[in-house]
Amino acid sequence: MHKKLERATRKTQADGRIPAISAALVRADRPGWFIQVGTAGDGKTLAEDTQFRLGSVTKTFTAALILQCRDAGLLELDDPIGKHLSVPAHGEHTIRDLLAHRSGLQREPHGDVWDAQVGPDAAQLLADLAHAERVLPANRRFHYSNLGFALLGHLAAAKRGGTWEEVLTQYLLQPLGLTDITVQPRRSAATGYLVDAYSDHARPEPATDTGGIAPAAQLWGSAANAATWAAFLADPATVDPDGAVLSADTLAEARQPHSISDEATWASGIGLGVMIEPQGGRVLHVGHYGAMYGYLAAAFGRIGPDQPAGLGAAVLGSSGTAGQTMELVHELLKRSATDDPGDIPMWTPAGPVPEEHRPLLGRWWSEGFGFTFSWHDGTLQARGDRAPKNAPPAVFQQVGPDEFRTVSGREAGESLLLVRDTDGTVGAMRWAGYLVTREQDTPLVGP
């Protein structure tokens with residue numbers, strides 16, 4: 001399998017004419033795989049820890065800082081940002097809308113920041129908000145905004161009492177051991193190039209410091225660290241088993257689609273700061289792309305039914321125009337999952353079903369459609385006859401003598417109420433307000 005990954009990487013480097021490419025793939029059940037092809041630049045050595053510009057992959061780190069602040073009770077996602085950050089304008093935009101790129105705020109900060117290749121400092125960025133536009137009504141559609149994410153980074157810094165770099169290091173990079181991800185590049189970082197379209201000449205691109213825009217695009221890192229971060233976004237329990245950085249529930253919330261980036265094809269979407277790329281068969285790739293002068297980056301994790309645990313990949317390239325860099329990360333993830341599928345866990349018998357739950361098992365009907373209620377992994381579960389085989393079941397948690405709450409799957413959040421006959425047996429149930437009975441044609445009953 002590794003030979004196929006290596007060949008795909010070498011082909012991408014050659015076809016894309018990328019001076020240097022570094023790729024990494026990690027998964028919980030296999031040793032990591034890493035490769036570098038090309039040259040890092042004059043006097044530099046291309047190695048596993050060589051840094052490349054991550055660009056907008058940075059946004060996933062800033063989003064994680066905001067979610068940490070929410071989990072710590074420092075803010076709510078539906079708060080207007082002006083409640084927590086002193087701004088001269090646009091304080092009405094909610095934190096959630098900024099995370100999901102649906103605030104309608106203009107894409108870039110005021111001024112020709114990318115032409116100048118020097119970003120404003122944080123104070124100037126905030127002051128210039130008075131000149132920024134809301135180019136679309138809030139929640140109208142997906143509209144990417146580097147300005148919005150810069151504001152989120154400064155919000156996280158303000159709530160934690162430090163600079164964005166300080167809180168990023170303290171709350172994310174150090175706890176996860178991501179020592180090769182830094183705000184400023186090391187001297188050994190790969191040189192970024194503009195490769196001429198009509199010759200083989202590659203011109204080094206000038207260095208760019210994003211200044212106050214740093215929370216949207218500043219980070220540098222190795223492919224190995226970026227792949228680990230991508231695995232964390234997809235399957236945090238494999239990277240942070242104690243949930244010390246972010247809980248699995250919080251990252252599952254971040255992966256819920258909040259807007260669709262192309263409403264005509266529904267081929268990609270955005271959650272709370274993470275991009276979501278459907279792969280078919282209920283499989284998703286979650287992470288982010290990055291682009292800066294001289295560099296392209298992609299870091300994504302893979303989740304879905306029967307997928308290897310903790311599977312993440314990153315591809316970093318030192319050309320700002322080779323789109324093949326972005327495509328390769330998805331090929332690496334797919335090849336790893338399909339050519340080397342995860343081990344099949346052994347089934348083992350369990351103890352008996354609790355007596356009070358046994359009468360709930362078996363066939364039930366609602367609105368003419370059949371459901372099978374069962375007991376697995378110590379929980380009551382239900383699966384509809386028409387549900388795809390790889391769809392997860394509804395899972396219930398008991399919250400009272402005759403009441404359950406649906407904690408995941410179909411009708412998540414809704415109640416399941418037991419309806420008892422005069423002799424105390426469970427003759428029916430009400431799930432999300434709908435009657436559930438043992439017979440398909442049972443007539444409706446009163447309250």
Side-chain angles (χ1 to χ4, degrees), residues 1-18 20-38 46-50 52 54 57 60 221-239 255 265 267-269 274-291 295-319 322-345 388-390:
M1 191 269 290
H2 287 175
K3 288 185 177 181
K4 292 183 178 180
L5 301 182
E6 178 179 347
R7 183 172 181 83
T9 304
R10 292 188 178 280
K11 180 172 175 55
T12 295
Q13 191 269 343
D15 291 352
R17 303 189 304 145
I18 305 169
I21 191 169
S22 182
L25 187 142
V26 299
R27 50 188 281 184
D29 60 345
R30 301 284 191 273
W33 173 84
F34 314 96
I35 189 175
Q36 300 80 43
V37 182
L46 185 59
E48 186 178 310
D49 62 352
T50 298
F52 291 70
L54 299 181
V57 177
T60 59
S222 66
N225 273 194
T228 298
W229 174 252
F232 170 74
L233 295 176
D235 191 0
T238 62
V239 180
R255 296 191 300 264
T265 64
S268 63
V274 296
M275 292 179 169
I276 305 164
E277 303 272 334
Q279 303 298 304
R282 306 182 73 85
V283 174
L284 299 175
H285 288 175
V286 295
H288 218 286
Y289 301 112
Y295 303 91
L296 290 176
F300 282 82
R302 184 177 175 97
I303 56 174
D306 301 321
Q307 299 303 304
L311 179 54
V315 179
L316 313 179
S318 64
S319 167
Q324 295 94 330
T325 304
M326 311 294 206
E327 299 165 3
L328 178 61
V329 71
H330 301 294
E331 182 177 355
L332 297 181
L333 288 169
K334 182 179 180 180
R335 281 188 180 275
S336 178
T338 57
D339 293 355
D340 184 18
D343 299 333
I344 298 175
K389 290 184 178 181
N390 58 1

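Note that the OG atom of S222 and the CD atom of Q36 stand 9.5 Å from one another [nearest 0.5 Å]. Rounded to the nearest 0.5 Å, atoms CZ (F300) and CE (M275) are 6.5 Å apart. Atoms CZ and CG, from R10 and L5 in turn, are 12.5 Å apart once rounded to the nearest 0.5 Å. If you take CD1 on I21 and OG1 on T325, they are separated by 5.0 Å, rounding to the nearest 0.5 Å. A distance of 11.0 Å separates NZ in K334 from CD in Q307, rounded to the nearest 0.5 Å. One distance of note links CG of L332 with CD of E6; it measures 11.5 Å at 0.5 Å rounding.
A donor-acceptor pair under 3.5 Å is formed between the side chain of R255 and the backbone N or O of A234. Remark: the backbone N or O of H2 is not paired with any side-chain donor or acceptor of R335 at under 3.5 angstrom.
Minimum heavy-atom separation, M326 to V329: O-CG1, 3.3 Å. The minimum heavy-atom distance between D29 and D343, with the atom names listed, is OD2-N, 4.1 Å. In plain terms, the two heavy atoms of S268 and E277 that are nearest each other are CB-OE2, 3.5 Å. Across A28 and T238, no two heavy atoms sit closer than the pair CB-CG2, 3.9 Å. Nearest heavy atoms, Q324 versus D15: NE2-O, 3.6 Å. Closest of all the heavy-atom pairs between T50 and A47 is OG1-N, 2.7 Å.
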Check: residues 309-319 side-chain donor-acceptor pairs under 3.5 Å, at least two apart:
| residue | atom | partner | partner atom | Å |
| --- | --- | --- | --- | --- |
| S318 | OG | A20 | N | 2.8 |
| S318 | OG | A20 | O | 3.3 |
| S319 | OG | T321 | N | 3.3 |
| S319 | OG | T321 | OG1 | 3.3 |

Would you list the atom pairs, donor with acceptor, under 3.5 Å between side chains in residues 223-233 and any protein atom, with sequence neighbours excluded?
| residue | atom | partner | partner atom | Å |
| --- | --- | --- | --- | --- |
| N225 | OD1 | T179 | N | 3.2 |
| N225 | OD1 | D180 | N | 2.8 |
| T228 | OG1 | A224 | O | 3.1 |
| W229 | NE1 | T60 | OG1 | 2.8 |

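Using the six-membered ring where Trp is involved, H330 and Y289 have ring planes that are perpendicular, over 60° apart on the 30 and 60° scheme.
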Can R30 and D340 be said to form a side-chain contact (heavy atoms from CB on, under 4.5 Å), step by step?
CA-CA 10 Å; R30 301 284 191 273; D340 184 18; 3.0 Å; yes

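Side-chain contact check for L333 versus H285: some heavy-atom pair is nearer than 4.5 Å. Looking only at side-chain heavy atoms (C-beta outward), D339 and K4 come within less than 4.5 Å of each other.
Within a 6.0 Å sphere centred on CG of N390, other residues, nucleotides and ligands contribute more than 12 heavy atoms.
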